[in-house]
Amino acid sequence: MNWSVKRIWTICKSMNKKKKGAAAIVMVAAVTFATGIFYTREVKTTQTAQTTSEKQTTEERAEETVSAKKIGICIYRYDDDFMKLITKELKNSFIENYGIEANDIFTFYAEEDLEKQQEQVEKLMERGVCGLIIQAVEEAKIPALADQCAEKQIPVVFINSEPTEEEKQRWSEEKIAASWVGTDGRQAGAYQGQLILESPEHGDFNGDGMVSYVMIQGDLDAEDTKNRTEYSVKTLTDQGIRVQKLTEVSGNWEESRGKELTEQALKRYGRRVEVIICNNDAMANGASEAIQEAGRVVGKDICLVGVDGLRSTVTAVRDGNVTGTVLNDYHGQAKKAAEVLMKLVDGEHVDTEYLIDHVKISGNGQ
Ligand code: BGC
């Protein structure tokens with residue numbers, strides 16, 4: 001799928017208007033819900049001369065309304081623009097689609113510390129959450145986190161950080177109430193490769209018959225990093241394009257690192273740098289700044305691509321400062337993750353994996 005930047009922009013704008021309307025509906029619903037609880041409690045304490053069955057019904061209703069569902073959300077670190085978007089959408093979805101109160105959604109950030117994340121999971125279970133959404137600090141520790149939840153019989157949906165095939169298989173064999181909602185990093189990488197192929201001279205600005213590129217990677221342990229890196233380049237070579245890797249280095253998904261690493265690469269390799277591939281948009285935004293400061297011009301002598309579809313990057317695509325990006329559909333992922341968790345909480349069967357498609361965003365109207 002390929003969307004032009006104009007189309008994405010229109011959707012972003014219209015989404016905001018809708019959100020305002022939705023917020024008003026949620027407020028009305030919250031007031032109605034609160035009034036309902038109050039009414040039920042009052043009935044229970046004032047009606048003393050009721051029959052047993054009447055009393056039971058009233059008590060059951062009181063219990064139903066009072067035992068509100070609590071949800072825990074665990075995110076690897078706070079300072080990540082993409083994860084902020086997905087977290088916000090998750091909360092919206094629990095509130096708007098499942099009537100969970102904002103106060104009953106607890107969000108913890110682990111600041112990239114696995115032990116801290118495990119403690120947070122424990123704390124949330126003690127607080128009585130009925131389900132957890134976890135973005136694991138380390139993908140290799142997903143089995144330990146899944147076991148931690150299974151021990152207390154708390155359903156969990158992992159987002160973003162990817163479990164192995166064996167782990168998903170284990171959930172289904174051992175009937176662990178767990179699932180993963182994420183994306184296919186190979187698709188994101190392939191779209192980045194296509195964006196480069198569609199750019200002037202398919203990135204071979206100096207006409208030497210070879211595309212010389214700089215790869216700025218995310219967290220080196222993440223499956224997304226490996227897949228996006230491999231498939232962006234593979235898409236070029238599959239089309240018979242000769243490539244030369246000037247450098248490949250991790251910027252840990254961070255904007256400031258994206259900028260620093262681009263500055264270093266431009267200083268070291270100068271005009272030889274024709275393409276900069278960033279595993280995410282935060283780093284592409286940093287790279288874009290460094291490119292402009294170095295007096296290089298995207299679309300004329302350099303090509304720059306990212307992944308995520310952050311609003312700031314989509315604006316930069318529109319303005320011609322980034323060649324293109326790939327929408328990492330945070331809205332779709334959040335909505336699906338909330339839906340799957342609520343199904344698990346209700347004891348329904350779910351798959352062990354749900355993949356949400358990426359969308360290519362280019363500035364050339366394709
Ligand atoms: C996103 C990055 C984000 C990372 C966090 C990736 O899917 O593209 O922007 O930093 O997830 O794990």
Side-chain angles (χ1 to χ4, degrees), residues 8 73-90 107-114 116-117 133-142 145 157-163 180-192 195 215-232 249-259 261 276-288 304-314 316-317 322 324-334 336-337 353-361:
I8 290 279
I73 301 177
C74 298
I75 303 293
Y76 84 127
R77 75 168 185 233
Y78 176 74
D79 194 13
D80 182 307
D81 287 343
F82 175 74
M83 291 315 298
K84 278 184 196 158
L85 289 173
I86 211 168
T87 308
K88 193 168 157 216
E89 292 293 336
L90 270 169
T107 310
F108 286 175
Y109 300 91
E111 303 317 331
E112 296 188 72
D113 178 339
L114 178 77
K116 189 170 181 171
Q117 185 163 63
I133 300 274
I134 302 181
Q135 183 212 7
V137 167
E138 263 180 61
E139 293 184 354
K141 293 297 184 313
I142 290 179
L145 290 161
V157 172
F158 291 95
I159 56 166
N160 189 272
S161 310
E162 197 169 332
W180 173 61
V181 176
T183 56
D184 183 353
R186 288 168 292 208
Q187 186 187 46
Y191 282 163
Q192 286 189 301
L195 287 164
M215 179 71 72
I216 303 187
Q217 297 183 290
D219 167 10
L220 290 180
D221 289 328
E223 225 22 51
D224 263 347
T225 296
K226 290 174 208 151
N227 289 332
R228 291 177 189 178
T229 299
E230 181 184 343
Y231 278 76
S232 52
V249 58
S250 168
N252 199 32
W253 305 121
E254 293 166 30
E255 179 167 342
S256 57
R257 293 289 293 141
K259 182 169 182 191
L261 295 170
I276 300 187
I277 305 172
C278 295
N279 279 168
N280 79 345
D281 275 357
M283 297 188 297
N285 287 346
S288 165
L304 169 65
V305 290
V307 175
D308 279 340
L310 294 185
R311 189 182 263 246
S312 47
T313 316
V314 175
V317 173
V322 172
T325 183
V326 179
L327 179 71
N328 189 357
D329 182 0
Y330 48 87
H331 180 75
Q333 289 170 61
K336 179 55 85 184
E353 165 185 300
Y354 293 88
L355 284 179
I356 307 295
D357 269 333
H358 293 96
V359 182
K360 197 163 59 167
I361 304 174

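Computed from heavy atoms alone, side chains included, the values below leave out hydrogens, waters and symmetry copies. For ligands, and for the atoms within them, numbers begin at 1 and follow the listed sequence.
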At under 4.0 Å between heavy atoms, what of Lys84 touches ligand 1? The answer is neither

Per the side chain to side chain donor-acceptor pair (under 3.5 Å) rule, which among Thr229, Asn279, Asn252 passes with Gln217?
-> Thr229

State whether the number of non-hydrogen atoms from other residues, nucleotides or ligands found under 6.0 Å of Lys88 atom NZ is greater than 12.
-> no

Mind checking whether Glu139 has a heavy atom under 4.0 Å from ligand 1?
-> no

Charged N-O contact under 4.0 Å between Asp184 and Arg186 = yes

In ligand 1, the atoms that come under 4.0 Å of a heavy atom of Asn280 are 2 (C), 8 (O), 9 (O), 10 (O)

Measure the shortest side-chain to side-chain distance between Phe158 and Ile142 over non-hydrogen atoms and say whether it is less than 4.5 angstrom.
-> yes

Could you tell me which atoms of ligand 1, counted from 1 in the order shown, lie closer than 4.0 angstrom to a heavy atom of Gln135?
-> 5 (C), 12 (O)

Salt bridge check: are Glu254 and Arg257 linked by an N-O gap of less than 4.0 Å?
-> no

Out of Asn160, Asp80, Thr183, indicate the one that has the non-hydrogen atom closest to atom 3 (C) of ligand 1.
-> Asp80

The residue among Asn285, Asp308, Asp281 that forms side chain to side chain donor-acceptor pair (under 3.5 Å) with Thr325 is Asp281

Please identify which atoms of ligand 1 are closer than 4.0 Å to at least one heavy atom of Asn328.
-> 1 (C), 7 (O), 8 (O)

State, yes or no, whether a side-chain contact exists between Ile86 and Met83 at a heavy-atom distance under 4.5 Å.
-> yes

Just need the protein heavy atom nearest to atom 1 (C) of ligand 1, so name the residue and atom and give the distance.
-> Asp308 OD1, 3.4 Å

Which ligand 1 atoms, with their elements, are less than 4.0 angstrom from a heavy-atom of Asp224?
-> 6 (C), 7 (O)

In terms of residue, atom name and distance, what is the protein heavy atom nearest to atom 4 (C) of ligand 1?
-> Trp253 CE2, 3.7 Å

